[in-house]
Protein chains: 4
Amino acid sequence: MSDTKEEWIEELLRGDEEGRKMTEKQSRIVQAAIEVFAEKGYAASSTNEIAQRAGVAEGTIFRHYKTKKELLLGIVAPAMTKLITPFVLRGFNNVLDSEYDSYDQVLRAMIENRIEFLRKNRNVLKILMQEIPFHPEMQERFQREVLGVVLERLKRIVAKFQTNGHMAELPSATVVRLSISAIMGYIAVRTFYGEREDAVWDDEREREDTIAFVMRGLGLTR
Amino acid sequence: MSDTKEEWIEELLRGDEEGRKMTEKQSRIVQAAIEVFAEKGYAASSTNEIAQRAGVAEGTIFRHYKTKKELLLGIVAPAMTKLITPFVLRGFNNVLDSEYDSYDQVLRAMIENRIEFLRKNRNVLKILMQEIPFHPEMQERFQREVLGVVLERLKRIVAKFQTNGHMAELPSATVVRLSISAIMGYIAVRTFYGEREDAVWDDEREREDTIAFVMRGLGLTR
Amino acid sequence: MSDTKEEWIEELLRGDEEGRKMTEKQSRIVQAAIEVFAEKGYAASSTNEIAQRAGVAEGTIFRHYKTKKELLLGIVAPAMTKLITPFVLRGFNNVLDSEYDSYDQVLRAMIENRIEFLRKNRNVLKILMQEIPFHPEMQERFQREVLGVVLERLKRIVAKFQTNGHMAELPSATVVRLSISAIMGYIAVRTFYGEREDAVWDDEREREDTIAFVMRGLGLTR
Amino acid sequence: MSDTKEEWIEELLRGDEEGRKMTEKQSRIVQAAIEVFAEKGYAASSTNEIAQRAGVAEGTIFRHYKTKKELLLGIVAPAMTKLITPFVLRGFNNVLDSEYDSYDQVLRAMIENRIEFLRKNRNVLKILMQEIPFHPEMQERFQREVLGVVLERLKRIVAKFQTNGHMAELPSATVVRLSISAIMGYIAVRTFYGEREDAVWDDEREREDTIAFVMRGLGLTR
DNA sequence: GATGAATGAGGCTTCATTCAT
DNA sequence: TATGAATGAAGCCTCATTCAT
C-alpha cells in the first residue's frame, strides 16, 4: 500500500458511523479501496486488487462489507460528513463564524480550510466527485446533507454582511455562487499546477488576486 | 435509442478524423455508445447493451472498432476537436474575435456559446469529464489540443483589452481563470437548476449579475 | 456424457416451448444438466461440471439460460408437459380411453404406460421429485398442470365404471387414490429390485397380483 | 427458532448414539439444522444460517461436528433408529405384535403409529427422504437397518395371518407391499390435504375405506 | 459488411472450515 | 468450551472479443 494515507481514516478507525470499532484488517481494506477506486474508478476496480493491496484474502472484504457497493458507500458516506464539519461547528476553531470583520477574511478562511481538506482527502474527494453522477442515493444524500447545509450556512454569513450595508443589490445565493466559483477555480488551477514542476505559479499572489477580485466584484472594500 | 441526438454526430457522419465515411450502422453504434457511456460510465457499460440499443449485432461493433476503448476514443477525440472550434475559427461567426469593443461582450458571447455547446453535446461532455482522469492519453491530448489552444487564445484576447488600458495589474492568465471560473460556476448552477422544476432561477438576471461581477472584479466598466 | 439419453430431449431438439430451435450445443448442455442434477441434486451441482460434461465453455450455458435456475426449469417444465400427455390425448393410442371394457384393462394400461415413461425419463423424473419441494413455482405448476389434469381425467374414467354399476360405495377420488397407490407401490418396488441383481422378483406375477388386488379391493371382477 | 420442536430430539438430549450427553448449545444447533435442512435442503443450507438460528457462533458447530455432513448424519442416523422402534419393541405398547386377532387391526395400528410418527418428526423425515438418494452410506444403512428390519417383521406378522388360513395365494412380501402402498397413499394424500384449508377430506371415512380396500383386496373379512 | 454463437478470463460473492483468543 | 475473524476454494455469472457462416 502506498503512503497516501487519508487523514479521515483515523476517525474511522476509532469507530464508524454505527459506532462499531474497525479492526486493523478492515482499515487496511478501506485504505486500499480508496487507493484503487481513486486510481481506476469504482466500476473498473476489482475486489481482487483491493484485497491484494490490503494484504487480505478477497473473502475478508465481504465479511466487513456485504457488497462492493457497500464498501464504496462505507468510504463515501463518512467523507460527506467530514466535508461539512467546518460549516456546522460553532465557536472556537470555527472557520466561518461571526467573528470576521470583513468578507475577505471569510474568503481567506474558506480557501485555507478547503485547501487543507483537499490535501488530506484528495483521493476520497476524487471518488466522491467521480461516482456521484452514477449513484442516485449518493446524489440525494449529497444534496441533502452537504449542499443544503453548506449553502444555508454560507447564505446566512453573506446575509450578515449584507445587512451591514454591503453587497446590497445581489441575492445572497448569487453572492455565494460567485464566491465559491472564484475559490474553486483558484483551487483547481492551483492543484493542477501543483502537480507539474514546470509551472510558474505564484500561489500567494494568485490567492490575494482572487480574493481582491471577489471583493471588488461584490462592491466591497477591505 | 432516445432522441438526444448529439449534434456533432452529424459531422462524424460525413467522415471521421481519418476522412472515412461512416455507415448508418456505425453511426447508430456511436449514438448508442454515447447514451450508454453517459448513463453508466465507460467501465460499467457493456458492449452488449450498446449493440442492443443500436439495434446491431454485438460483433458489428468490433467490425468498426477493434476494442471497446477504441470506441470510446472514437467518440471523445472528435468531441475535443469540436470543443475548440469556436476558439480557432476566425472571421464570421467567430465568438471571441477582436471585434468586441468591451470585455463584457466577450463574456456574454462565451456564455452563450458554451451554453449552446453544452445543450447540444451534454452527453459527450459528460463522458469526456468522467473519463479524462482515467486515460492518460486523453488527458495529454486534452491539455495539448484543448486547454492549450483555448487558454492561449483567451489570453491573447485579454491581453488586447489590457493594452487598451484595462485590468492592468493582473496577469492575463489570472484574468482568464477568474473569468472562466465565474462563467463555469454560472453555467453549472444554471444546469443544475434547469433540471429541477421547483427552482427559482431568474436566468437573465443571474447572467447579467455574473458578467457585472466579473467586470467589476477586473476593475472594468461597461 | 454417458449414454443415458433421455427420450423427451428429442422433442426439445425440435424446438422448445417458445418454439425456438435448439442448437446442438444447447442440447448437450441440457443432457449434461439432467445427468448432473439427477446425480447430485440441483443445489449440489455446479455449472462448471455441467459445462465440462457437455463439452462447452461455462459461459455458453449462460448464453442459453440466464441463470442456473432457469436451466433447471428449462428441463423440468417440458417434462411436466410430457408427463400428462397420455392423459390428455384422445382417440388412437390413448391409454386411458373409453374403449376399455373392464377396469383391470385401465390399470394394466396405466402400469405399462408409466413404466415406459419411467424407463425413458428416469433422470428427469428424479429431478422433478427432488426439486419440487424447494421451488414454489414448480409446486404450483405441478399441481395445476399435472395433478389437476391427471386426477380429473382419472376420476372421469372411474366415474364411468361406477355408473356401469361397479365400485358404487366409494368416492371416485378415493378409487383413484387407491389405484394409484397400488400401481406406484408396484412400480417403486419393481424399480428398486430392477437395480439389484440378487433379486427374486417375478415381475409378471407381481403385476397381475397387484391388479387383482385392486380389482378385488374395489369389489370388481374381471 | 420456531416451535416445531421435533420430539425425538429429547432423546438425543439425553445422550446420542455413542452415549455422550448433549449440551444445550449442541441441541440448539441440531434443532436449527433440522429446520434449515428441511426448509432448503442439505446442499442449499449454510452453516452460517444454522448458527444464526441456533444463536451460536459458526465455529461452535464445528466443535461438535467435524463437518457439515457429519451434522447431517448426526440428525439422520438417530432418526433411522427411531423409525424402526415400534417394529422391534415387543410386549406392552407394541404396535404390531401378535396379539391382534384380525389383520385390519394391524393395518389400523400401523396407520395410527405412522401418522403419529410423521406428526412428531415431519422435518427429519423430509430430510431423510430428500438426502437418502445422494448419500450412499445413508442408503445402505437405511436398507440394512430400517427396510430390512421392518419388512422382515411385517412379513412375519403377515405369515402368521397366512398360516391362520388367509391370503393364501400371495407371497407375504407382496402382501406387505400392497398394504404399505395403500397406507402410504392414504397418509400422503391426507398430509397433502391437511395443509390446505379448502379441502373436503373426511379423514375417518377415508381411513376406513382404505383399510376395507386392503382387506377385500387380500381376500379377507373383518 | 454483418451476424450471433461461442469462448474463457475474470468479476463479485458465498461458504465450509480453521485458529488465535 | 465458545467465539468470530479470516481464509481461499469454488460458485454463479458477465463481458469483451473472436470467428465461422
Q. Rounded to the Å, how far apart are D:Q52 CD and E:dA16 P?
A. 12 Å

Q: Measure the distance from CD1 on A:I50 to C1' on E:dT13 and round it to the nearest whole Å.
A: 14 Å

Q.
Does B:S46 reach a base, just sugar-phosphate, or nothing at all? Heavy atoms under 4.0 Å.
A. sugar-phosphate

Q: Flag the pair C:K126 and C:E39 as a salt bridge only when some basic side-chain nitrogen lies within less than 4.0 angstrom of an acidic carboxylate oxygen.
A: no

Q. OP1 or OP2 of F:dT3 less than 4.0 angstrom from a side-chain nitrogen or oxygen of D:T60, does that happen here?
A. yes

Q | Pair B:F37-B:V124, side-chain contact (heavy atoms from CB on, under 4.5 Å): steps then yes or no | A | CA-CA 9 Å; B:F37 286 165; B:V124 182; over 6 Å; no

**Q.** Out of F:dC12, E:dA16, E:dA20, whichever nucleotide has its closest atom nearest the side chain of C:E58
**A.** F:dC12

Q.
Tell me whether the side-chain N/O atoms of D:H64 come closer than 4.0 Å to OP1 or OP2 in F:dA2.
A. yes

Q: Hey, which sits more toward the 5' end of DNA chain F by its nearest nucleotide, A:A57 or C:A43?
A: A:A57

Q) Which nucleotide in the set F:dT1, E:dG4, E:dA2 lies at the smallest distance from any side-chain heavy atom of D:R63? A) F:dT1

Q: In whole angstrom, give the distance that lies between atom CD of B:E70 and atom P of F:dA16.
A: 15 Å

Q | Atom-pair distance (CD1 on D:I61; P on F:dG4), nearest Å | A | 13 Å

Q | Atom pair distance, as rounded to whole Å: CD1 in C:I29 and P in F:dC13 | A | 14 Å

Q: Run the numbers on B:K25 and B:H64 for side-chain hydrogen bond (donor to acceptor under 3.5 Å, both in side chains), then give the verdict.
A: CA-CA 10 Å; B:K25 285 220 159 120; B:H64 295 283; over 6 Å; no

Q. Can you find a side chain N or O atom of A:K25 that sits less than 4.0 Å from OP1 or OP2 on F:dT7?
A. yes

Q) Separation of D:N48 atom CG from F:dA6 atom P, in whole Å? A) 16 Å

Q) With a distance cut-off below 6.0 Å to the six-membered ring centre and an angular limit of 45° from the axis, does B:K68 pair with B:Y42 as a cation-pi contact? A) yes

Q) Which of the following nucleotides, F:dA16, F:dA6, E:dT13, is nearest to the side chain of B:F62? A) F:dA16

**Q.** Integer-rounded Å distance: E:dT13 C1' and D:E49 CD
**A.** 17 Å

Q.
Is the phosphate of E:dC15 approached by D:T47 (side-chain N or O, under 4.0 Å from OP1 or OP2)?
A. no

Q: Enter the distance from D:I29:CD1 to D:R63:CZ here, rounded to the nearest 0.5 Å.
A: 11.0 Å

Q.
Taking the nucleotide of DNA chain E with the nearest heavy atom to each, does C:G59 or D:K66 sit closer to the 5' end?
A. C:G59

Q: Report the C-alpha distance between D:K69 and D:H135 in whole Å, list the side-chain angles of each, state the deciding distance to 0.1 Å, and finish with yes or no for side-chain contact (heavy atoms from CB on, under 4.5 Å).
A: CA-CA 10 Å; D:K69 177 129 185 211; D:H135 306 273; 3.2 Å; yes

Q.
Closer than 4.0 angstrom, basic N to acidic O: yes or no for C:E35 and C:K40?
A. no

Q: Can you tell me the distance, in whole Å, between the NZ atom of B:K68 and the C1' atom of E:dG10?
A: 14 Å

**Q.** Among E:dA20, E:dT3, E:dG11, the one nearest B:V56 by side-chain distance
**A.** E:dT3

Q) Under a 3.5 Å cutoff on both atom distances, Watson-Crick or G-U, what's the dot-bracket for DNA chain F ([ ] crossing, | other strand)? A) .||||||||||||||||||||

Q: For the pair C:R141 and C:E137, find out whether any cationic side-chain nitrogen is under 4.0 Å from an anionic carboxylate oxygen.
A: no

